Amino acid sequence: MSHGDLSFMSTLTDPPKEQFRLSMLVNDTRYRSLTFQAIAALVLALAIWYLGNNLIQNLRAAGLNISYDFLGDRSGYDINQRLIEYDSQSSHASAALVGILNTLLVAVLACITATIFGVIAGVLRLSNNWLVSKLMAVYVEIFRNIPVLIWIIIIFTIMTAVMPGARAYLGENPERELVFGLFAFTNRGIYAPAPVWNDGSMIVVAVFFVSIFAMFAYRRYATKLLYDTGKLLPMGWPSLAILILPTVIIFFLLGQPIGLDAPDPLANRFNLRGGIQIGAPLIALWFALSIYTGAFIAENVRAGIQAVSSGQTEAAAALGLRPGRIMNLVVLPQALRVIIPPLISNFLNITKNSSLAIAVGYADITATLGGITLNQTGRAIECVLLLMLFYLTASLLISMGMNLYNASVKLKER
Amino acid sequence: MKNTVILGALTIAGLSAGAAAAGTLDDVKARGKLNCGVTTGLVGFAAPNASGEWEGFDVALCRAVAAAVLGDATAVEFVPTTGKTRFTALASGEIDVLARNTTWTFSRDVDLKFEFTGVNYYDGQGFMVPKELGVSSAKELDGATVCIQTGTTTELNLADFFRSNNISYEPVPIETNAEAQQQYLAGACDVYTTDASGLAATRATFEAPDEHALLPEIISKEPLGPLVRHGDHEWGDVVRWTLNALISAEELGVTSANLAEMAAGTNNPEINRLLGTEGTLGEMLGLSADWAKNAIAAGGNYGEVFANNIGEATPIGLARGLNAQWTKGGLLYSPPFR
Ligand SMILES: N[C@@H](CCC(=O)N[C@@H](CS)C(=O)NCC(=O)O)C(=O)O
């Protein structure tokens, strides 16, 4: 199309040119919303500038300046629960990292268990068994209506008061024997055996991973065979056998390369030594977050299931599916679409609520960077900004991941 | 999104508000009340008694300052603070003075920008263990679980002590003395460590105090004293010289018993200057002439305050030790009132 054509066409289709007047910014609905948005943005920018400027001036007047140099300094304090190498000679930055990992640890653990509790309670709440459904209703109402901080403290206090001290397990003639010779349950936490990886242990681990893979391959094959030919292969026991047998055989063939390091009651007069210790603060926080958020998830699950029309269940029943199958194959996959979006916000809540760790002395990021580091260095603004940044990033990443998952289960419109 | 930005900015603005507040003396006079930061409860140092009134060694200092400034020892609002919240409370202006077993250290003085106005108790960090453990020295604590209050010098000293002795420990960080006591008694930790005075005070509240031993090692210097915000020198002077007045009063033999008599005039010019019958020391501080007399009347001189709250006749039973007057082999030494 040539230039001439274009101008010709536009003169034909354009409405008569209208003079732009300033009053139109307010009176004309086409511009009005833009005007107000521009004014709001301007006011917001001014407010931020004013507050920021005020902050900087006040800091300068008080002789304080924002600086993150302290992160490189020696922290000087010890942390009881750490997933990476850390001691009092390490920097404040590593203390913050220890805290971040601890936050993520408890958040991930609690998200998993809260989902399990929630799904079980949500499904059982719809049970036809009166007692079961009422029990679940009581669970949901009790737990979601009492603040999670109170639950954390209650669980921790009960643990410290009721469980035996670590010393009960110590010595030649202890008051209490290790459970199975491997576990100790004390008011400082649970002591469990740790695996010891000797030569050849990696082969066993590798075989185990291959077995997992093989198990899924078998199940796939069996399903395909069923759909294609109608021939039904057994699922349950072969899966289990593929998963376990090769690993066990290799384990013994190689002469048991993976050992167990059980907690030792004789090595120290104060504590059990060796093994893995899961501290009481972690347990209390993990359990409280799971059981509290589980109550919310239960409600989401119930809502999701009830959103699937009962016709679906009846149709599945008419086809002869057993109740368990109806739930797993028909109802839950459809209910997931309703359940996942609120589940995202529950996961975010768990992550943020994990900052209550400080109440029981669990060394999360709020307790290390936002607690001891902040206190010992006096760098309040810097630490709080970093904390905000961390929680914001973590929350955004979680929502992003869950939104991706949501996109994969939601109704595919073709 | 926009809301988050605004909230964030408000938070920061809130953090910055209250910085650099000068003129505390005028504020206190105008308010008619002194806001004094104390512990959340450490019997003997600062704790509410059965009728809800705050009592203790640190509380007595707050009352003395209130009496010196306002002429009324009861015009004090006590603000309980934890090891962690105390500095924010002082820096933000929520309290005028902090009297909470707080150790004078370089970084608190210089970097956190506070002004320590003296030392009211020379202390050091100690350890308490149940006697049944049979521990006789802190060096035998390898592997022990140790309760500590967070945000204190205690947790830093502890890390250093164990490191330099090449032994290990498990820290249990705790917010307040009350929680630490509960955890320690439940056996969730083997050892409780804090200032030796605090240990004695805590042990005194146990049901069976003699089942617990204080270990001989004192692993640090903990000069405890009141502090104010840096930069407000007039107010710093008021708190410093109130403490000095209590110490000098003991040295000069001014007690609550003979105060009225001495305030009528004596032939010791220093006592006269202190009690305001000679010279204009009160005026120089911006206070009334009888400021020191009021401060001493509030709870007696330093020795009386010590004896009534934490001394050997009390359940806490602390000896004067380093906290005796310099004339008696201790470290207490007030500059002259001149
Ligand atoms: N002097 C040390 C420790 C101060 C401290 O926390 N003392 C404890 C025990 S002596 C206390 O006063 N606790 C009372 C409370 O928990 O409020 C410091 O200044 O950091």
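Since the model is a prediction, treat every value here as computed from it, not as a measurement. Note on naming: letters A, B, ... go to the chains in the order of the sequence lines (proteins, then strands), and numbering restarts at 1 for each one.
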Novice: Are side-chain heavy atoms of B:Gln183 and A:Asn187 found at a separation under 4.5 Å?
Specialist: no

Novice: Output yes when B:Asp190 and A:Arg269 qualify as a salt bridge under the 4.0 Å nitrogen-oxygen rule, no when they do not.
Specialist: no

Novice: Has the side chain of B:Gln182 got a donor or acceptor atom that lies under 3.5 Å from a matching backbone atom of A:Thr157?
Specialist: no

Novice: Less than 4.5 Å to any heavy atom of chain A: does that hold for the side chain of B:Thr176, its backbone, both, or neither?
Specialist: neither

Novice: If you define the side chain from C-beta out and look only at heavy atoms, does anything of B:Glu155 sit under 4.5 Å from A:Asn375?
Specialist: no

Novice: Under 4.5 Å from any heavy atom of chain A, what part of B:Val191 do you find: side chain, backbone, both or neither?
Specialist: neither

Novice: Quick check on B:Ile174 against chain A: is it the side chain, the backbone, both or neither that has a heavy atom closer than 4.5 Å?
Specialist: neither

Novice: Relative to chain B, which segment of A:Phe156 carries a heavy atom at a distance below 4.5 Å: side chain, backbone, both, or neither?
Specialist: side chain

Novice: Check whether A:Asn268 gets within reach of chain B through its side chain, its backbone, both or neither, counting any heavy atom under 4.5 Å.
Specialist: side chain

Novice: Look only at the side chain of A:Asp78 and the backbone of B:Ala159, and say whether a donor-acceptor pair between them is shorter than 3.5 Å.
Specialist: no

Novice: Counting only heavy atoms closer than 4.5 Å, note whether B:Leu141 contacts chain A via side chain, backbone, both or neither.
Specialist: both

Novice: Hey, are A:Arg188 and B:Glu170 close enough for a salt bridge, meaning a charged N less than 4.0 Å from a carboxylate O?
Specialist: no

